[in-house]
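Please read the structure below before turning to the comments.
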Amino acid sequence: MAILELVNLTKYYEVNGNRLPVLDGISASLGEGEFVGLIGPSGCGKSTLFNIICGLVKPDGGTLLLDGREGGSPRDVVSYMPQKDLLFPWRSVLDNVVLAREVAGENREAAKREARSLMPLFGLEGFENSFPAQLSGGMRQRAAMMRTALARRPVWLLDEPFGALDAITRKRMQRWILEVWERFKQTVFLVTHDIEEALFLSDRVYVLTPRPARVALHLEVGLSRP
Ligand code: ADP
Ligand code: ADP
């Protein structure tokens, strides 16, 4: 069964009294544990789509099914990692990554124990008490990803997670994210501008048209992973 299903989603923005379409009937389906890429020119509506999926923006038409249910709470199903990492600069790495669990009112110490055990996988061992400004760009992205992991939701929306990194770091992070995916078996919906990245990582790729976004192409990739 699909964990995330978008059925004919439409969205308009009001600009100077005009209703301008941004999403023109987007349908897509993501199965449990799938890695799905989303590609489209900048400004086509990808962030709008992610904002709809995580409940920050209301669609004007269509249906969003989370774990098979309409009107379910995105908080139970989706974790959103925005394009710009949103680590709080005044919090240590450890205090940043347990944030979702803290906000959910869960036991801080249990969350911190789990975070400590995940530090090696996220390449942050020894940096638990460092602050974001003391980390490299790659480490900050990995910390943001750990926070997403610790939120323990089955669907991860990743908006250009490697976009701001240099080419070599990006290559290493692309291989690394597959290890994370092996470990958590989460469903990933990954926005990227990089077609090669999408083909390397994904089971399937949706390609969107320029605004207003429609699905122009749906590729079954099926490349063997390393
Ligand atoms: P992408 O993530 O693909 O770059 P966005 O979803 O951010 O695209 O934006 C799609 C289009 O909608 C852009 O042209 C953007 O300028 C416009 N847009 C985004 N948010 C708003 C808003 N709140 N009001 C009006 N226009 C918006
Ligand atoms: P990149 O951001 O290029 O991926 P890495 O995160 O792989 O770099 O960093 C490699 C190693 O270098 C880290 O595991 C860490 O030990 C060390 N390192 C990187 N940046 C810093 C830093 N700002 N302060 C201290 N050590 C660092």
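This structure is a prediction, so every number in the text was calculated from the model and none was measured. Every number for a ligand or one of its atoms is a count from 1 in the order of the listing.
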Which protein non-hydrogen atom lies closest to atom 23 (N) of ligand 1, naming both residue and atom, and how far is it?
Y13 CE2, 3.6 Å
Taking distance alone, with N or O pairs closer than 3.5 Å, would you say E14 contacts ligand 1?
no
What are the atoms of ligand 1, with element, lying closer than 4.0 Å to any heavy atom of V22?
10 (C), 11 (C), 12 (O)
One residue to check: T48. Relative to ligand 1, which of side chain, backbone, both or neither has a non-hydrogen atom less than 4.0 Å away?
both
Numbering the atoms of ligand 1 from 1, which are under 4.0 Å from a heavy atom of S42?
4 (O)
What protein heavy atom sits nearest atom 4 (O) of ligand 1, and how far away is it?
G43 N, 2.7 Å
Please tabulate, for the side chains in residues 191-199, all donor-acceptor contacts under 3.5 angstrom to protein atoms that are two or more places apart in sequence or on a different chain.
| residue | atom | partner | partner atom | Å |
| --- | --- | --- | --- | --- |
| T192 | OG1 | D194 | N | 2.8 |
| T192 | OG1 | E197 | OE2 | 3.2 |
| H193 | ND1 | E160 | OE2 | 2.2 |
| D194 | OD1 | E196 | N | 3.1 |
| D194 | OD1 | E197 | N | 3.2 |
| E197 | OE1 | Q174 | NE2 | 2.5 |

Hydrophobic cluster of F88, others only, ordered by chain and residue number, side-chain cut-off 4.5 Å:
W90, L99
Under 4.0 Å between a side-chain nitrogen and a carboxylate oxygen: does that hold for E128 and R116?
no
So which heavy atom in the protein is nearest atom 12 (O) of ligand 1, and how far is it from that ligand atom?
R211 NH1, 3.3 Å
Does G40 reach ligand 1, in the sense of a heavy atom lying below 4.0 Å from it?
no
How far is atom 7 (O) of ligand 1 from the closest protein heavy atom, and which atom is that?
S47 CB, 3.6 Å
closest protein heavy atom to atom 8 (O) of ligand 1 is G45 N, 3.1 Å
Test: R211 and D24 ion pair at under 4.0 Å:
no
Looking at Y12, does the NZ or CZ of R19 lie under 6.0 angstrom from its six-membered ring centre and within 45 degrees of the ring axis?
yes
Above 12 or not: heavy atoms from other molecules or residues under 6.0 Å from CD1 of I168?
no
Identified ring pair (Phe, Tyr, Trp, His ring centres under 6.0 Å) counterpart of F189 within the set W156, Y80, F50
F50
Would you say ligand 1 has an N or O under 3.5 Å from any N or O of V15?
no
Does this structure show an ion pair linking R108 with D95, if we count only N-O contacts that are shorter than 4.0 Å?
yes
